[in-house]
Undergrad: 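Here it is: the structure, laid out below.
Each chain gets a letter, A, B and so on, in the order its sequence line appears, and its residues count up from 1.
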There are 2 protein chains.
Amino acid sequence: MQKHPGIKDIARIAGVSIATVSRVLNGNSYVSPELSKRVLEAAGKLKYQPNRIARGLRKGKTNTIGFLIPDIENPFFSAIVKGAEDFLRKFGYTILLCSSSGIAEREDELLNVLFSHKVDGLMTIPLESQTPYLEKIERLGIPVVVIDDIIKKKDVSSVASDNYSGMSQLMRYLLDTNHKSFAFLSGDPHTYSGKERLRAFRDVMVRQQENVEYEILFGTYTFNSGIDMLRKLKRIPDAIVCGNDMIAFGVLTELQRMRYKIPDDVSITGFDDVLFSKMTNPPLTTVRQDYYMMGEVAAQLLMDSLNYKKRDSVLLKTELVIRGSSRE
Amino acid sequence: MQKHPGIKDIARIAGVSIATVSRVLNGNSYVSPELSKRVLEAAGKLKYQPNRIARGLRKGKTNTIGFLIPDIENPFFSAIVKGAEDFLRKFGYTILLCSSSGIAEREDELLNVLFSHKVDGLMTIPLESQTPYLEKIERLGIPVVVIDDIIKKKDVSSVASDNYSGMSQLMRYLLDTNHKSFAFLSGDPHTYSGKERLRAFRDVMVRQQENVEYEILFGTYTFNSGIDMLRKLKRIPDAIVCGNDMIAFGVLTELQRMRYKIPDDVSITGFDDVLFSKMTNPPLTTVRQDYYMMGEVAAQLLMDSLNYKKRDSVLLKTELVIRGSSRE
DNA sequence: CTGTTAGCGCCTTCAC
DNA sequence: GTGAAGGCGCTAACAG
């Protein structure tokens, strides 16, 4: 922060008081055309840029939104951020982005940092569901929207995809196409989405009357974890249902290395439909989440909290995307 | 920004002056253990969080770094951001991230927003090389580091990979493995990296004495652009050299759809070595850039400018990664 | 060692 | 319609 022109400077040049400068720059109170013109000219000449820090201090509003996510490198998260950013910009807000890199303490620490920066609102994709972090969040005293989790607390808004219904639909499709044995390679089960997908898988399996076999393994939402889990499988079933696309990529890669034919020998499915899902060979059958819209909706919810103090939770539809990695 | 405890509140509770509170909280001046204890207790009880906005206004330093990138959804960029963020956090800085979504005017506008927020420094991956934006940047009056471009201006630091040498090395390898005809599918040639890669390709082709044939097409650094360019090719050569991995993915997908055998019929190469490059089938031969380190180096350069007013430009090594998409 | 005071740049009553 | 003055929360002199 160097010494740069302030309203004082432009007041001096325009030969008016700083109050007048403030008024024309904010355009809320009437100022004579004559003075207006002089002020605007001086501002232009000085290339004046308002100091939002000072303004924030005075108005108690920084026009800044904190965004705390688990991992910026995950394309799923960054697409959400993009959706939110595009939306928020229209309202003059800027995003203060922090990534916890999957570390819980850092998540907590960054929350304090963001709060310290006096963000007007907070958007967050929690590392895990139901943690002290989530409880802390609602006592923050600023509008919060939680993404990829559904919170019932009345002080925070939330938005997530309908993971349960998406996974159910996928399972029904697999059953309809005559798959009899399954493996479910779950991502982190502490996560809201992890829980929901697993719950759907189990429910479908249990309700199924015919004799189906299945096995469930736990890992993380990563490529390498997919490979690990695959290796631990007791046997290769008709279909390997993966917790997300990243896991599926790992499974696909490893299975091909082992000379299995996909989908002839075994079907593979993912969840998310990230950009790369259609690029694999064969392309991946998966459940699409509209992450960009998720970001937009989250931003909309935040604006609602900010302006009308309205809280809400929305569940987004998912869509089954059938591609070549599952046999018909 | 609600009404939350300030040093005034804790001064009242601890029965001391606000100056004393400030002193113990910042720990720069000696305060008696007795008072210190009372202050700390009061602060703890109130769950006090310093207001960095006010502090920033007073100190002329916000501990905030602006980061302006073309597209947050591009894994290449977000990896760079991650590298920088991890580094900057250790120094107590937070990143204010903005994405121009590839729109030049927005890039300019966001620069103003960031400046208005009184960031202490700026990191940016420019949309294009040599634009008014770049010229504006050096007159900002704050330390700047430009990433993925090399700037010779003495007021800004910069860091980029050695694209020229990386592409040269790749071409030599292709020549050594007996490829005789080539297509170069360039990304945006206004970009520093685009220019350098193209220049390397041309130089190698021109210097080559034996009769080699080649064709050059221009597009953007995207999956779809890869498909488009492929379709415009006059004929399928021995090797298709792509401007980056995303283009290569498009080419790979489309070529396989057309029933070509990779690499038997044609070799394909990329540039960047993003996460997914090893997941395609066959995995992609490419040139690795260490984006995470690029972010770290950029952050380091920024800290140097901030602390010692030292400017520098660094060129990072690349590494040829040979995988299955090119024949031996 | 500790308290009092003066701003950082801006917006906003309150007078004129 | 316009100017003067106070204060947002904090830090950094300056006194004592």
Side-chain angles (χ1 to χ4, degrees), chain A residues 1-40 42-43 46-64 92 112 115-120 141-142, chain B residues 1-40 42-43 46-64 92 115-120 141:
Chain A
M1 208 149 86
Q2 328 288 107
K3 241 201 102 262
H4 276 287
I7 54 171
K8 210 181 289 180
D9 300 295
I10 104 163
R12 188 167 28 77
I13 293 188
V16 299
S17 76
I18 59 169
T20 301
V21 174
S22 174
R23 280 194 270 258
V24 348
L25 259 26
N26 291 292
N28 36 19
S29 178
Y30 187 84
V31 178
S32 73
E34 161 63 13
L35 293 191
S36 272
K37 186 164 152 275
R38 270 162 42 198
V39 167
L40 259 11
L46 292 172
K47 292 199 205 320
Y48 171 76
Q49 293 287 132
N51 182 331
R52 299 197 189 207
I53 292 296
R55 183 180 290 175
L57 182 60
R58 176 62 236 244
K59 308 230 302 184
K61 186 167 187 320
T62 55
N63 275 290
T64 285
N112 290 338
F115 183 79
S116 252
H117 274 288
K118 294 295 143 187
V119 293
D120 295 333
I142 55 174
Chain B
M1 205 150 88
Q2 328 287 108
K3 241 202 101 266
H4 277 286
I7 53 171
K8 211 180 288 181
D9 300 296
I10 103 162
R12 189 168 26 77
I13 293 189
V16 298
S17 75
I18 58 168
T20 301
V21 174
S22 174
R23 281 193 271 258
V24 349
L25 259 26
N26 291 291
N28 35 19
S29 178
Y30 188 83
V31 178
S32 75
E34 162 63 11
L35 292 193
S36 273
K37 187 161 150 275
R38 271 164 40 200
V39 167
L40 259 11
L46 293 172
K47 293 199 204 318
Y48 171 77
Q49 293 289 132
N51 183 333
R52 299 197 189 206
I53 292 297
R55 182 180 290 174
L57 182 60
R58 176 64 237 237
K59 308 230 302 182
K61 186 167 188 318
T62 55
N63 274 289
T64 284
F115 183 78
S116 252
H117 275 287
K118 293 296 144 188
V119 293
D120 296 333

Undergrad: Take A:S29 and B:R55, find for each the nucleotide of DNA chain D with the closest heavy atom, and name the residue whose nucleotide sits nearer the 5' end.
TA: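 Its nearest nucleotide being more 5', the pick is A:S29.
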
Undergrad: More 5' along DNA chain C: B:A54 or B:A19, using each one's nearest nucleotide?
TA: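 So the residue in question is B:A19.
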
Undergrad: Where do A:H4 and B:G141 come nearest, in terms of heavy atoms and distance?
TA: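 Looking at all heavy atoms of both residues, the shortest contact is NE2-CA, 4.4 Å.
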
Undergrad: Does B:S32 make a side-chain N or O approach to OP1 or OP2 of C:dT2 shorter than 4.0 Å?
TA: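 Answer yes for this pair, as a side-chain N or O of B:S32 is under 4.0 Å from OP1 or OP2.
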
Undergrad: Nearest to the side chain of A:R23, heavy atoms from C-beta on, is which of D:dC8, C:dT13, D:dT11?
TA: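 So the nucleotide nearest the side chain must be C:dT13.
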
Undergrad: Within this structure, what is the CZ-to-P distance between A:F115 and D:dG9, rounded to whole angstrom?
TA: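 Distance check: A:F115 CZ to D:dG9 P gives 12 Å.
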
Undergrad: Restricting to non-hydrogen atoms, name the atom on B:A42 and the atom on B:I13 that form the minimum distance, rounded to 0.1 Å.
TA: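 Closest heavy-atom pair between B:A42 and B:I13: CB-CG2, 3.8 Å.
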
Undergrad: Answer with yes or no whether A:R58 presents, from its side chain, a donor or acceptor under 3.5 Å of a partner atom in the base of C:dC11.
TA: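 For A:R58, whose side chain was compared with the base of C:dC11, there is a donor-acceptor pair (under 3.5 Å).
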
Undergrad: Could you give the CG-to-C1' distance, from A:N63 to C:dC11, as a whole number of Å?
TA: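 Value for this atom pair: 14 Å.
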
Undergrad: I would like to know whether B:T62 and B:H117 meet side-chain contact (heavy atoms from CB on, under 4.5 Å); could you show each step before the answer?
TA: CA-CA 9 Å; B:T62 55; B:H117 275 287; over 6 Å; no

Undergrad: Establish, with yes or no, whether the OP1 or OP2 oxygen of C:dC11 is under 4.0 angstrom from a side-chain nitrogen or oxygen of A:K61.
TA: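 Answer no for this pair, as no side-chain N or O of A:K61 is under 4.0 Å from OP1 or OP2.
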
Undergrad: Could you point out which residue of B:L25, B:V39, B:T20 forms a side chain to side chain contact (heavy atoms under 4.5 Å, CB included) with B:V31?
TA: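 Only match with B:V31 under side chain to side chain contact (heavy atoms under 4.5 Å, CB included): B:T20.
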
Undergrad: For the side chain of B:N51, counting heavy atoms from C-beta on, which of C:dC10, D:dC10, D:dA13 is nearest?
TA: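 For the B:N51 side chain, the nearest candidate turns out to be D:dC10.
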
Undergrad: Below the 4.0 Å mark, does C:dT2 have OP1 or OP2 next to a side-chain nitrogen or oxygen of B:T20?
TA: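 For C:dT2, neither OP1 nor OP2 has a side-chain N or O of B:T20 closer than 4.0 Å.
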
Undergrad: Output the rounded distance in Å from CZ (A:R52) to P (D:dC8).
TA: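 So the two atoms are 23 Å apart, to the nearest Å.
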
Undergrad: Determine the contact category for B:L35: base if any of its heavy atoms lies under 4.0 Å from a base atom, sugar-phosphate if only primed atoms, P, OP1 or OP2 are that close, otherwise nothing.
TA: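 Answer is sugar-phosphate: B:L35 comes under 4.0 Å of backbone atoms only.
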
Undergrad: Looking at B:R38 and B:V16, what are the two nearest heavy atoms and their distance?
TA: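 Taking B:R38 first and B:V16 second, the nearest heavy atoms are NH2-CG1, 3.9 Å.
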
Undergrad: If you take any heavy atom closer than 4.0 Å to DNA chain C, which residues from residues 9-17 of chain B end up in contact?
TA: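 Heavy-atom cutoff 4.0 Å gives B:V16, B:S17.
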
Undergrad: Calculate the interatomic distance between A:R38 atom CZ and D:dT2 atom C1'; express it in whole Å.
TA: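 Spelled out: CZ on A:R38 to C1' on D:dT2 is 12 Å.
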
Undergrad: Rounded to whole angstroms, how far apart are NZ on B:K59 and P on D:dT11?
TA: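 It is 7 Å, rounded to the nearest whole Å.
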
Undergrad: May I have the distance from A:I18 (atom CD1) to C:dG9 (atom C1'), rounded to whole angstrom?
TA: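 It is 9 Å, rounded to the nearest whole Å.
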
Undergrad: So does B:Y48 get a side-chain nitrogen or oxygen closer than 4.0 Å to the phosphate oxygens (OP1/OP2) of D:dG9?
TA: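 Checking B:Y48 against D:dG9: no side-chain N or O falls below 4.0 Å of OP1 or OP2.
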
Undergrad: Before you tell me yes or no, could you show the steps for A:V24 and A:L35 under side-chain contact (heavy atoms from CB on, under 4.5 Å), namely the whole-Å CA-CA distance, both residues' side-chain angles and the distance that decides it to 0.1 Å?
TA: CA-CA 9 Å; A:V24 348; A:L35 293 191; 6.0 Å; no

Undergrad: Can you tell me how far CZ of B:R55 sits from CD1 of A:I53, rounded to the nearest 0.5 angstrom?
TA: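 Rounded to the nearest 0.5 Å, the CD1-CZ separation comes out at 12.5 Å.
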
Undergrad: Please report the distance, rounded to the nearest Å, between CG in B:N28 and C1' in C:dT2.
TA: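 Rounded to whole Å, this separation is 14 Å.
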
Undergrad: Hey, is the main chain of A:Q49 close enough, under 3.5 Å, to the side chain of B:S116 for a donor-acceptor pair?
TA: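 Not confirmed, B:S116 side chain does not pair with A:Q49 backbone.
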
Undergrad: Rounded to the nearest angstrom, tell me the gap between atom NE2 in B:H4 and atom C1' in D:dG9.
TA: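 For the pair B:H4 NE2 and D:dG9 C1', the rounded distance is 14 Å.
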
Undergrad: Please determine if a side-chain N or O atom of B:S22 lies less than 4.0 Å away from the OP1 or OP2 oxygen of D:dC10.
TA: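 Answer is no, no contact under 4.0 Å.
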
